[in-house]
Amino acid sequence: MTESTPSATSNESPGSAEQALPTVYDPGAVEAPVYERWVERGYFEADDTSDKPPFCIVIPPPNVTGSLHLGHAFEHTLIDALIRRRRMQGYEALWMPGMDHAGIATQNVVERELAKEGVSRHDLGREAFVEKVWEWKERSGGMILGQMRRLGDGVAWSRERFTMDDGLSRAVQTIFKRLYDDELIYRAERIINWCVRCHTALSDIEVEHSDDEGELISIRYSDDVVVATTRAETMLGDTAVAVHPDDERYQHLIGTEVELPLTGRKIPVIADAHVDPSFGSGMVKVTPAHDPNDFEIGRRHDLPQLTIMDERGVITASGPFEGLDRFEARPAVVAALREQGRIVSEKRPYLHAVGHCSRCKTVVEPRLSLQWWVRVGPLAKAAGDAVRDGRVAIHPKSMESRWFGWVDDMHDWCISRQLWWGHRIPVWYGPDGEVVCVGPDDEPPSGEGWQQDEDVLDTWFSSALWPFSTLGWPDETPALAKFYPNQVLVTGYDILFFWVARMMMFGLYANADNGPERAIPFHTIALHGMVRDKHGKKMSKSFGNAVDPLEWMDAYGSDALRFTLARGANPGVDVPIGEDWVQASRNFCNKLWNATRFALMSGAKVGELPPAEQLSAPDRWILSRLHATLAEVDAFYEDYQFAKACDALYHFAWDEFCDWYVELAKTPLNEGGDAAERTRLVLGHVLDHLLRMLHPVTPFVTEVLWTTLTGDESVVVATWPVADADAHSDAVAESGVEELKRLVTEIRRFRSDQGLKPGQRVAARLDGMAGVPAAHEAEIRSLTRLNTPDEGFTSSASLTVGGVTIELDLSGAVDVEAERKRLTKDLAAERKALEQSDRKLGNEQFLAKAPEAEVEKVRARRATAEAEIARLEAQLDRLAAR
RNA sequence: GGGCGCAUAGCUCAGGGGUAGAGCGCCGGUCUUACAAACCGGAGGUCGUUGGUUCGAAACCAACUGCGCCCA
């Protein structure tokens, strides 16, 4: 199928009009070679030393185990559009690519692979296992990078980074040491979210809550003491019962002891304000080692912390339940209590919030353990302030409240993970209890008894450094100097807490020496929504509505997918997407293709436009509209309104340029001579601008068309069109063409009502054309298929539009009824308008209080209605007379 | 339980103090020499409910109902 490949994709002689583009755009034939040529020519690379203004966006690093899903495709489309436009505008544009190492996910993948061979990571040992992970990464990781090429992502491939590479690991160690020395990192025993499957701690935000069906069991500990719980097995670890200090019902119990069933232990009844007296009996069991709230109560009252479960979720408390899994122990404990007659009530099912590991969905177990933490207080305060004082802007602004709600009430961040894949905590413990934090250039302590901490850091810890670690930090590299702070961060609102907050905290902290203005990681946070299915439902594999973007790219082309996503991108709002819409975008690309094809066949060329006075009204109209659209598109881009920018371009390209200008252009093109030459230049001018404007969202098709049209090297490095509304704005031409369009549409309606086939030519006489500012009779006849009358002309039907009368020769076959229906309908509409205008103008309050311009508008509407009514009534009369 | 957001055409969404727009879908007609992935014409909405502000509300305010999200 090589002959169907447009020769524009090869380098020789682009722009010669005689070369035939195929009648249908075939994305599959052009995308891959076009992309590879862009990369070869280095268009996406950036120069650290240029004096162009910087424009840098770092990729939200995809997971090394992941593949491209629609969420990526969406985000990447938006970033790529911003980057490409800025590059065309003359910025030094850099889109930094890379991936994160996804500690838990990656370790899981490799462990699963090993398990197939019956090997566990413990069989291999730490070092060999990590080696295996690296091998896996080289072999199977980063599938997404190839898929990004398919999408057309203009990233600077030579700068690709990975959170586990040497430079970024050094950045991690550097900041750990600094935070440690500043006492912003500490080690403490707390209740953490423990995943019994992944065998690691999770931070709060790695836990997803859902309302699950469980049970609420009320247990009688003694005659006076009844507590309710959804996790009955934890009662084995109770070390107190608590009531509210002001609860009159239980004053007499405070300070007494009660025997804990099944264990025989005596535990105190204490008073704590945390207890909600209105919930259940108003008494709660307190299990400090297995519940975060109970942990706090336990600390306030100095209660023992009794751990009754191991890291697999298996009961360790001695007794009959020892060795049972937590979910086996639960009914077993309830059964044992029931046997003793201690079950007061059981509510089942009982809907309550349950935390799940965001990676493997296992129910999280609150667990007391020794972990490393970031003291976020001052860091989060700084992150909040940066937005509060305007150094960092959040788009859309309505998302700010979400931001403040989070950073102003942030809990300390648990950063240690009990994994092997990740950045190992650079802390060493000595034989005599010494603790040494080792910086990147320090020698770790060696000798008998010294040991490094076993844990690794949360993946987000390294991702938090991404905006500057990828540019070379902590070294003072030219890249860092040029591109930090980044200009924009584009990401989903769901990740504001996960990632953005962390980048803000670490960016501001690590780069504080830059001064407040340049410490920030980025100037703007542009938030987008989630991609949803065509009915607005969340996409998920389990629900079966997930879509593989690659399938759609195969079927409709990357540009079609990109355009659909960008066109749906209202700031911070979710984007529903369905195959129909991608198909529609494909059709749009094909429309552009064919419009350009027509223009090229007509000899369109890019050159200096003739002065305005030599241009026709349609010429001046389309130029006026073009530059108005350009100005609009610019304004929308500056405000991250991708949907509106795309809509404006779609509307201009299809409804104005293709449907009207191109059709109008056929008349002068057929005429030949100066008129045709002039039209070729206007066609070339409009297409040149339009294709450049569309390039950021539909890079492939515009590349082929634009290089063919202009003969230039690549639209990637073309300049962004500058809106010149002053030079081209032409209100007279605009209203003239509007009137012409109205005339044409009215004639077409008439033809349609009369049952004339669209292509069927009939003779007609046009009178009163002098009254139409854009009196282009030849164009009007061409658009309405009306021949000039010859000797045998007999008028058998007529209509009037404005001051124009159209007499048609329908050879007697006039459908009077259809005409009457239409006229009656129009008349009713005008009468209604008249009535409404009269009502307003008869309202003295309206006349007195409404602005003059508004009153004037209603008067004008009334006048139009009156004239139209007269016209329609006259036509109806004439019809009746026939 | 706390907070936030959304209710506009069959579907998905824009809009925004002067009585409504788009895309897709739908109906009728066309292979009219760029494009049937197209062209021409058409139908379709008391802008969730109830109050209030205003000369005027779909738009602003309040309550209610329904849906969604985040946090506990």
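To find a chain, count down the sequence lines: A is the first, B the second, and so on, and within it residues start at 1. Computed over heavy atoms, backbone and side chain alike; hydrogens, waters and symmetry mates excluded.
Nucleotides B:G2 and B:A59 have their C1' atoms positioned 30 Å apart, rounded to a whole Å. With both ends at atom C1', the span from B:U19 to B:G45 equals 12 Å, rounded to whole Å. Taking atom P in both B:G17 and B:G28, the straight-line distance is 40 Å, to the nearest Å. One C1' atom belongs to B:G56, the other to B:G16, and the distance between them is 15 Å to the nearest Å. Taking atom P in both B:G21 and B:C4, one finds a spacing of 34 Å when rounded to whole Å. B:G44 and B:C27 have their P atoms separated by 15 Å, given to the nearest Å.
Remark: B:A7 base-pairs with B:U65; criterion is Watson-Crick or G-U wobble with both hydrogen-bond distances under 3.5 Å. For B:U19, there is no paired nucleotide, since no Watson-Crick or G-U wobble pair has both relevant distances below 3.5 Å. Summarising the base pairing, B:G1 is matched to B:C71 through a Watson-Crick or G-U wobble pair whose two defining distances lie under 3.5 Å. Applying the Watson-Crick and G-U wobble criteria (two distances, each under 3.5 Å), B:A58 pairs with nothing in any strand.
B:C4 atom C1' lies 13 Å from atom CG of A:L496, rounded to whole Å. Atom CH2 in A:W406 sits about 16 Å away from atom C1' in B:C4, given to the nearest Å.
Along RNA chain B, the nucleotide closest to A:V573 and the one closest to A:Q836 are compared, and the more 5′ of them pairs with A:V573. Nucleotides of RNA chain B nearest to A:H535 and A:R402 differ in position, and the one nearer the 5' end is that of A:H535.
Between A:K644 and B:G15 there is a side-chain N or O to OP1 or OP2 distance below 4.0 Å.
Residue contacts shown for A:A643 are absent, as no nucleic acid heavy atom lies under 4.0 Å away. Heavy atoms of A:D753 sit nowhere under 4.0 angstrom from any nucleic acid atom. Among the heavy atoms of the strands, none lies under 4.0 Å from A:H651. Using a 4.0 Å heavy-atom cutoff across all strands shown, A:E844 reaches no nucleic acid atom at all. Nucleic acid contact class of A:R861 (heavy atoms, under 4.0 Å, all strands): none.
For the pairing with A:V286, the side-chain contact (heavy atoms from CB on, under 4.5 Å) check across A:I297, A:D272, A:V275 returns one residue only, A:I297.
Counting heavy atoms from C-beta on, the side chains of A:L669 and A:R680 come closer than 4.5 Å. Here the side chains of A:D409 and A:F404 are not in contact, with every heavy-atom distance at 4.5 Å or above. Using a 4.5 Å cut-off on side-chain heavy atoms (C-beta onward), A:F750 and A:L808 make contact. With a 4.5 Å cut-off on side-chain heavy atoms, A:W593 and A:V24 do not count as touching.
A cation-pi arrangement is absent between A:K591 and A:F657 under the rule of less than 6.0 angstrom and at most 45 degrees off the ring axis.
Classified by interplanar angle (parallel below 30°, tilted 30° to 60°, perpendicular above 60°), the ring pair A:W654/A:Y650 is tilted.
A donor and an acceptor atom, one from each side chain of A:Q641 and A:D639, are located under 3.5 Å apart.
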Under 4.0 Å protein heavy-atom contacts per nucleotide of nucleotides 22-38 of chain B, with B for base, S for backbone only and - for none: SSS----BS-B-BB-BS

